[in-house]
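Input: a single structure, listed below in structure tokens.
Quick note: numbers below take in every heavy atom, side chains included, and nothing from hydrogens, waters or symmetry partners. Each ligand, and each atom within it, is numbered from 1 in the order the structure gives.
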Amino acid sequence: MDMKTDLKALQHFIGGSWVDASEHATFDVLNPLDDSPYAKAARGDGGDMRKAVAAAKTAFPGYKETTPSQRERWLLRVAELMEERQKELVDCLIDEIGSPFQKAMFEFTKGLTMVRAAAGMCRNVRGETIPSDRPGTFSMSVREPVGVVGVITPFNVPLIKTTRLVANALAVGNTVVHLPSELAPHLTVIFAEIIAEAGFPDGAYNVVTGFGHEIGDDLTGHKDIDFLTFTGSTVVGQHINEICAKNKTPVTLELGGKSPTVVLADADLDKVMPLAARSIFMFAGQACIGSSRFYVERPLYDEFVKRFAMIAGKVSMGDLRDPNTVIAPIISDRQRQRVKDHIADAVAKGATVVAGGEWEGNRCQPTLLTGVSEEMILCKSETFGPVTSIYPVDSYEEALEKANDTEYGLSSAIFTKDIDKAFHFARNIGAGMCHINGPTIHDEAHVPFGGNGESGVGREGTDADLEAMTELKWITVQL
Ligand code: NAD
């Protein structure tokens with residue numbers, strides 16, 4: 001493969017070659033800490049996207065015939081190369097999207113497990129034998145890769161999403177066209193270099209950088225895309241879902257959230273508080289599974305608010321490379337305005353800011369609100385900042401009812417020693433994921449990760465992706 005590696009001038013990776021955008025168009029990628037230029041990336045257009053899809057389609061017949069052990073070896077080599085380039089990947093997560101070092105390391109480590117877990121999928125693309133009603137017939141199903149998989153990823157966990165979705169698609173024999181977030185193209189470009197060096201055939205993995213609103217439809221609506229996996233905001237997910245429905249393209253959508261945490265009166269606050277803080281302040285709340293609603297039973301409510309405010313006041317907003325720093329910059333002007341609007345709207349309508357609410361540069365202080373009511377935007381909408389609301393409740397039943405009062409359904413958590421209530425909650429919360437005595441933020445490579453309602457369609461993870469990214473074929477032999 002032609003490997004041209006200019007870290008700051010990012011090109012598309014199509015058919016095994018590094019290429020500029022048509023007309024050599026570019027766009028600036030900014031470091032969100034101070035909005036200084038970080039990189040210049042190729043600004044893809046529809047023609048670039050069509051070339052990438054054509055490359056993936058051309059590569060597919062050969063790639064699907066590769067053996068499990070070949071794909072396994074390439075994927076395990078990817079993991080080795082990631083380890084060799086750990087510093088570069090972590091630096092990129094810090095400087096391109098403003099990850100504090102501890103979040104960057106969390107993401108790097110998670111990304112590695114995603115790739116290694118994907119290697120284990122290669123040998124598991126299996127069908128079964130099926131008894132037949134027709135005498136003398138041998139009947140079986142075989143599982144086949146779908147073809148060309150379109151992958152669209154968000155800015156906030158670019159390495160986790162890239163490793164998981166691309167590696168899973170490649171593991172089961174598909175080729176891939178990837179549109180990374182315009183806010184995080186460099187991370188994906190490094191990953192493409194690693195894929196190339198690991199030995200994957202030309203065209204197996206293709207990356208087009210650019211703006212989703214300009215070229216997203218050229219990927220999503222392309223007739224040669226056989227499966228699409230999207231992670232991002234609910235509004236874009238809805239648009240993609242409509243296009244895929246029209247084309248009958250199967251799709252998984254991993255979208256936004258408004259994940260609740262319930263704290264019952266018998267919970268141990270010494271254990272709850274650090275986890276509560278982690279679940280909304282990690283990466284400054286720019287996590288789909290962050291907990292933006294806390295329902296606390298009345299006997300613990302005042303103490304919970306007091307302790308949470310104390311922690312919020314101490315969460316580090318220091319140098320991003322300091323391992324103790326937690327609070328990241330908010331990614332873009334648009335997102336900063338959204339966070340500011342949500343806080344201002346709540347305050348104007350009578351909410352109380354019990355911690356934070358102010359900004360230091362592009363960073364929003366960890367912010368806690370009480371007295372939040374239905375007419376406030378942040379009561380129901382995703383803020384995507386280090387901002388959460390705390391509500392008192394008089395019973396477990398009230399907590400469950402309020403936790404379910406949302407159109408989203410991604411993650412959820414409950415803290416209690418009462419196993420009956422804990423399991424009742426887990427079974428009755430309208431969310432795709434529930435953590436008992438653990439934070440809403442939790443993901444592993446092989447679990448069914450995903451949400452319901454406005455939070456998405458389908459699940460990710462090795463087993464879920466193996467099913468979603470392959471198709472069963474029924475074959476009979478008349479003996
Ligand atoms: P976003 O929707 O703005 O962008 C996501 C991706 O969609 C980007 O690659 C963007 O270029 C692309 N895009 C934009 N318009 C498009 C179009 N018309 N067609 C196709 N693609 C298009 O989201 P974001 O700001 O990058 O990420 C934050 C959102 O993602 C939050 O809502 C968060 O909850 C969600 N998220 C969900 C999960 C999950 O697993 N459920 C994980 C991470 C983030």
Side-chain angles (χ1 to χ4, degrees), residues 27 29 32 41 43-44 46 49 96-97 103 107 110 114 150-162 164-165 177-185 187-188 207-222 225 228-244 249 251-259 280 282-292 330-336 338-339 381-385 407-411 431-433 440-444 447-461 464-465:
F27 66 99
V29 184
R43 184 172 188 154
M49 193 56 89
E96 184 173 45
I97 58 165
K103 182 268 188 181
E107 187 165 356
K110 208 45 108 185
M114 296 290 174
V151 174
I152 304 178
T153 47
F155 80 84
N156 63 325
V157 276
L159 187 57
I160 289 176
K161 286 289 170 175
T162 295
R164 165 180 269 170
L165 296 165
V177 179
H178 185 180
L179 169 63
S181 167
E182 55 267 29
L183 301 166
L187 196 284
T188 297
V207 177
V208 177
T209 59
F211 290 90
H213 64 268
E214 291 179 356
I215 54 173
D217 289 3
D218 294 298
L219 175 64
T220 311
H222 198 297
I225 291 296
L228 193 102
T229 176
F230 170 79
T231 305
S233 58
T234 297
V235 58
V236 176
Q238 176 68 31
H239 171 73
I240 287 175
N241 204 22
E242 284 163 19
I243 295 179
C244 288
T249 308
V251 62
T252 51
L253 301 171
E254 300 294 347
L255 311 178
K258 195 76 193 168
S259 298
I280 185 61
M282 184 181 182
F283 197 40
Q286 298 171 111
C288 56
I289 45 182
S291 186
S292 46
I330 300 296
I331 189 75
S332 64
D333 263 343
R334 190 168 60 93
Q335 286 293 340
R336 285 165 212 150
R338 180 184 174 90
V339 176
S381 304
E382 184 182 52
T383 305
F384 228 54
E407 294 184 335
Y408 291 106
L410 195 54
S411 189
M433 302 176 276
T440 53
I441 294 189
H442 190 168
D443 188 10
E444 296 182 34
V447 300
F449 185 96
N452 307 329
E454 296 295 299
S455 291
V457 175
R459 296 292 180 266
E460 290 177 355
D465 281 332

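Using a 4.0 Å threshold on non-hydrogen atoms, atom 24 (P) of ligand 1 counts as touching the protein.
Residue, atom and distance of the protein heavy atom nearest to atom 26 (O) of ligand 1 are F155 N, 3.2 Å. In this structure, the protein non-hydrogen atom closest to atom 7 (O) of ligand 1 is F230 CE1, 3.2 Å. For atom 19 (N) of ligand 1, the closest non-hydrogen atom of the protein is G216 CA, 3.4 Å. Closest protein heavy atom to atom 36 (N) of ligand 1: C288 CB, 3.5 Å. Ranking the protein heavy atoms by distance from atom 13 (N) of ligand 1 puts G212 CA, 3.5 Å first.
Comparing V157, T231, L228 by heavy-atom distance to atom 5 (C) of ligand 1, the nearest is T231. With distances taken over non-hydrogen atoms, the option nearest atom 40 (O) of ligand 1 out of E460, R334, K161 is K161. In this comparison of I97, L255, T153, T220, the heavy atom closest to atom 37 (C) of ligand 1 sits on L255.
For the pair N156 and ligand 1, the shortest N or O to N or O distance does not fall below 3.5 Å.
Of the charged side-chain nitrogens involved, none lies within less than 4.0 Å of a carboxylate oxygen, so that E254 and K161 do not count as a salt-bridged pair.
Each of the following atoms of ligand 1 lies closer than 4.0 Å to a heavy atom of F449: 40 (O). In the vicinity of L410, heavy-atom distances shorter than 4.0 Å reach the ligand 1 atoms 41 (N). Contact atoms of ligand 1 toward I152: 6 (C), 7 (O), 9 (O), 12 (C), 20 (C), 21 (N) (distance under 4.0 Å to a heavy atom of the residue). The S181 neighbourhood of ligand 1 comprises atoms 8 (C), 9 (O), with distances under 4.0 Å to a heavy atom of that residue. Shown in contact with H239 at under 4.0 Å from a heavy atom are these atoms of ligand 1, numbered in order with element: 18 (N). In summary, the atoms of ligand 1 found under 4.0 Å from a heavy atom of V236, numbered by their order in the structure, are 2 (O), 13 (N), 14 (C), 15 (N), 16 (C), 17 (C), 22 (C).
Using a 4.0 Å heavy-atom cutoff, P180 is listed among the residues neighbouring ligand 1.
Side-chain atoms of R164 come within 3.5 Å of backbone N or O of E444 as a donor-acceptor pair.
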- Item | Trace of the side chain to side chain contact (heavy atoms under 4.5 Å, CB included) decision for I330 with Q286 | CA-CA 8 Å; I330 300 296; Q286 298 171 111; 4.0 Å; yes
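Ring orientation note: the planes of F384 and F155 are nearly perpendicular, at an angle over 60° on the 30°/60° scale.
A donor-acceptor contact closer than 3.5 angstrom is absent between the side chains of S411 and H442.
Here the shortest heavy-atom pairing between Y408 and G256 reads CD2-O, 3.4 Å.
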